[in-house]
Number of protein chains: 2
Amino acid sequence: MTKPKQVTIVEVAEAAGVSIATVSNVLNRGGIRSSKETIRKVELAAEQLGYRRNTMAAGLSRNKTYEIGLIIPAMAGYYGQLAEHLQIEAHHAGYHLSVFSSGGFDPDIERRHLEVLLQRRVDGLICHGLAMGFETTRSIVNSGTPLVLINGWGWPEDIATGAVNLGFAGACLQSVKVLADHGCETICYLGSKRSKVIDEQRLIGFDAGMAQFGGGVSQEIVDTMGLDIEAYLRDLMQRHAKSVGVVAFDDHVALRVLSAANKMNIDIPGRLKLIGINNDYIAKESYPGISSWDIPYNDQAQMAINKLMHKIGNKAESGEDREIEVPLTFIERGTTKLQ
Amino acid sequence: MTKPKQVTIVEVAEAAGVSIATVSNVLNRGGIRSSKETIRKVELAAEQLGYRRNTMAAGLSRNKTYEIGLIIPAMAGYYGQLAEHLQIEAHHAGYHLSVFSSGGFDPDIERRHLEVLLQRRVDGLICHGLAMGFETTRSIVNSGTPLVLINGWGWPEDIATGAVNLGFAGACLQSVKVLADHGCETICYLGSKRSKVIDEQRLIGFDAGMAQFGGGVSQEIVDTMGLDIEAYLRDLMQRHAKSVGVVAFDDHVALRVLSAANKMNIDIPGRLKLIGINNDYIAKESYPGISSWDIPYNDQAQMAINKLMHKIGNKAESGEDREIEVPLTFIERGTTKLQ
DNA sequence: CTGTTAGCGCGTTCAG
DNA sequence: CTGAACGCGCTAACAG
């Protein structure tokens, strides 16, 4: 199956009895400056011959692809959701978004995808928290292709055009407040070093929250990597007779805690109060429902695409900050309050 | 920011003091037939100038893109996982996979993505259960681009080169057997009409299972669209004094059932036994763990890519069937058996 | 082994 | 409003 030769504008031009320039104008430039009659003829011919524009030729010729590349650590959960929204927003802006997963923060795969996208001459790049270091990234993206970061804090301006970050710190800070207000005598943060930068942000918020609202409340910081949640919980409950609060890295971790607690018959939210992040569907559908922080996917996607468009169109940055912070919204459910 | 002109092989050729053909040979054709010295010179020049091959020009020239497109209904859950594995397998085969989501079985978005991919002249297409009809699909994919379906049953040969399908029917059939063996007096299938074709497959298996193993066992078939699970469960338990079995559409639905049961203090697996499909992480991490069917992502991805490669390379179909069935594996957990 | 040349399909002048 | 001609960056013969 050698690729069957596809029909080109030349053939359409012949069939319609006009020149290729005319065909190009009618088909790919919104029918500017052409007589109704010509337009009809061309469109008919194209339709009948099954003409389909060759993106490569077009891109090559005008030095613009109308494609933007997205690299995320994985397809699951938050990343995948964001990808969907970005795809939609990109489409609204007249661009197409190609999605690549770096298979869970693998720097090598990440580099490979980046390289491929640049070889494609994408007009822009959106990346979620690059696993590569600054230097490596710089040496790769020095081509002048605009790069917008998602959840990337403190990147140098010569690499990233800007960043759109979720307000994890604020969410964690407020989580501590909620738990403290509910009378927890100790508050634990169950982190995940796998997502380094995000974990850091959450810790910043947690620490700030403890400093601000944690008077007389003890604290603990634990990483879930290889942690036996059940054992940890048992130990925790033994050490504290009254109410314990847990801020989980995300709803995934929260579910594990919840399940362990259910198994051990720990009273929720009486003895144990729990807050997750992401507002995954599991948060809504577990029992009890997990209090969590909802992510405004739409906003984040819109802002990211806008930022990119500004840069691509060389428009002024419209006075926005280089790093935008998008706040999350608390959704309270059964793990922190009685119905 | 007009795109800064990128360096081309012409410039590399000049810098290295050779012809562009030589540069092309060295850089993009695996160093075929070139003196060590020339290779060194060219590579050095390319390195220093920061040369990056232009995929569009290459693809245009050789009429081959080494890109394959994937369209899935969504990024979440099974689809996203599969996409990751497909990406890896595609890479092993020397291809790149661009992923597009049709935003939940939206035929319009699906068509748009398909169109874009064909305009890119991808070498192959992988689609998960197209929402479009046969006719529409045919009119779009008649370009001779090989198309492999994932979970597509009974598609005409002139459209799809082949299909790699998960053995949902077999899994449901066996689920019924398991529940019947465990002494359930009634067995319910909680479906989801949203995923039409998949729901059909599951029902086929369920029906076959009831016919084969359901002697003396009553059955019920319900759709979860807009269903009040808690109310349904209450009703179900009232109508049946002994053990009730539920085959859920997937682990997502299973979790909702599980949560409702936990809330109502229904004994699991004593009074209610539950089996999901997909073996999502929620199945492992809920309490009790949800018995489910594990999906061999690797196998399915490998087979899909192989099928596509065979067709692209015009190799014989190696005697394989056009529709391949990949079996699932039962993972038993707390919702069907006591620890 | 290396250089020359002719396209790949389309966008864009610039005369008519 | 139309048509001929050139160029985008690269590959694939074919000569040398």
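- The phosphate of D/dT11 has OP1 or OP2 within less than 4.0 Å of a side-chain N or O from B/Asn28.
- In this structure, the NZ atom of A/Lys41 is 13 Å from the P atom of D/dC1, given to the nearest Å.
- In this model, the phosphate group of D/dT11 is not approached by any side-chain N or O of B/Tyr66 to a distance below 4.0 Å at OP1 or OP2.
- Remark: B/Gln300 CD to B/Glu89 CD distance equals 11.5 Å, nearest 0.5 Å.
- The side chain of B/Ser24 has D/dT11 as its nearest neighbour among C/dC1, D/dT11, C/dG9.
- Taking 4.0 angstrom as the limit, B/Thr38 places a side-chain polar atom (N or O) nearer than this to OP1 or OP2 of C/dT2.
- Considering only the side chain of A/Ala21, C/dT13 comes nearest among D/dC8, C/dT13, D/dT11.
- Mapping B/Arg62 and B/Ser35 onto DNA chain C via the closest heavy atom, the residue that lands nearer the 5' end is B/Ser35.
- Distance B/Asn63 CG to D/dT11 C1': 12 Å, rounded to the nearest Å.
- The listed nucleotides are D/dC10, C/dG3, C/dC10; the one nearest the side chain of A/Ala58 is C/dC10.
- Side-chain proximity of B/Ser19 to D/dG3, C/dG3, C/dC8: nearest is C/dG3.
- Nearest nucleotide to the B/Arg53 side chain, out of C/dT13, D/dC10, C/dG11: D/dC10.
- Nearest heavy atom pair, residue B/Ile150 against residue B/Ala304, reads CD1-CB, 3.9 Å.
- Protein atom CD1 of B/Ile9 is 13 Å distant from nucleotide atom C1' of C/dT5, rounded to whole Å.
- Residues A/Ser101 and B/Gln87 bring no donor and acceptor atom of their side chains to less than 3.5 Å of each other.
- Look at CD on B/Gln119: it is 10 Å from P on C/dG11, rounded to the nearest Å.
- Summarising the geometry, atom CE belonging to B/Met132 is positioned 5.0 Å from atom CD belonging to B/Glu110; distances are rounded to the nearest 0.5 Å.
- As judged by a 4.0 angstrom heavy-atom cut-off over every strand, B/Val18 is placed among residues touching the sugar-phosphate backbone only.
- For C/dG3, one of the phosphate oxygens OP1 or OP2 lies less than 4.0 angstrom from a side-chain nitrogen or oxygen of B/Thr22.
- Enclosure of atom CZ in A/Arg112 by more than 12 non-hydrogen atoms of other residues, nucleotides or ligands within 6.0 angstrom is indicated.
- The CE-P distance, from B/Met56 to D/dC10, rounds to 10 Å in whole Å.
- In this structure, A/Ile20 atom CD1 and C/dT12 atom C1' are separated by 10 Å, rounded to whole Å.
- Between B/Glu14 atom CD and D/dG9 atom C1' the separation is 14 Å, expressed in whole Å.
- As a whole-Å value, the separation of A/Leu60 CG from C/dG11 C1' is 10 Å.
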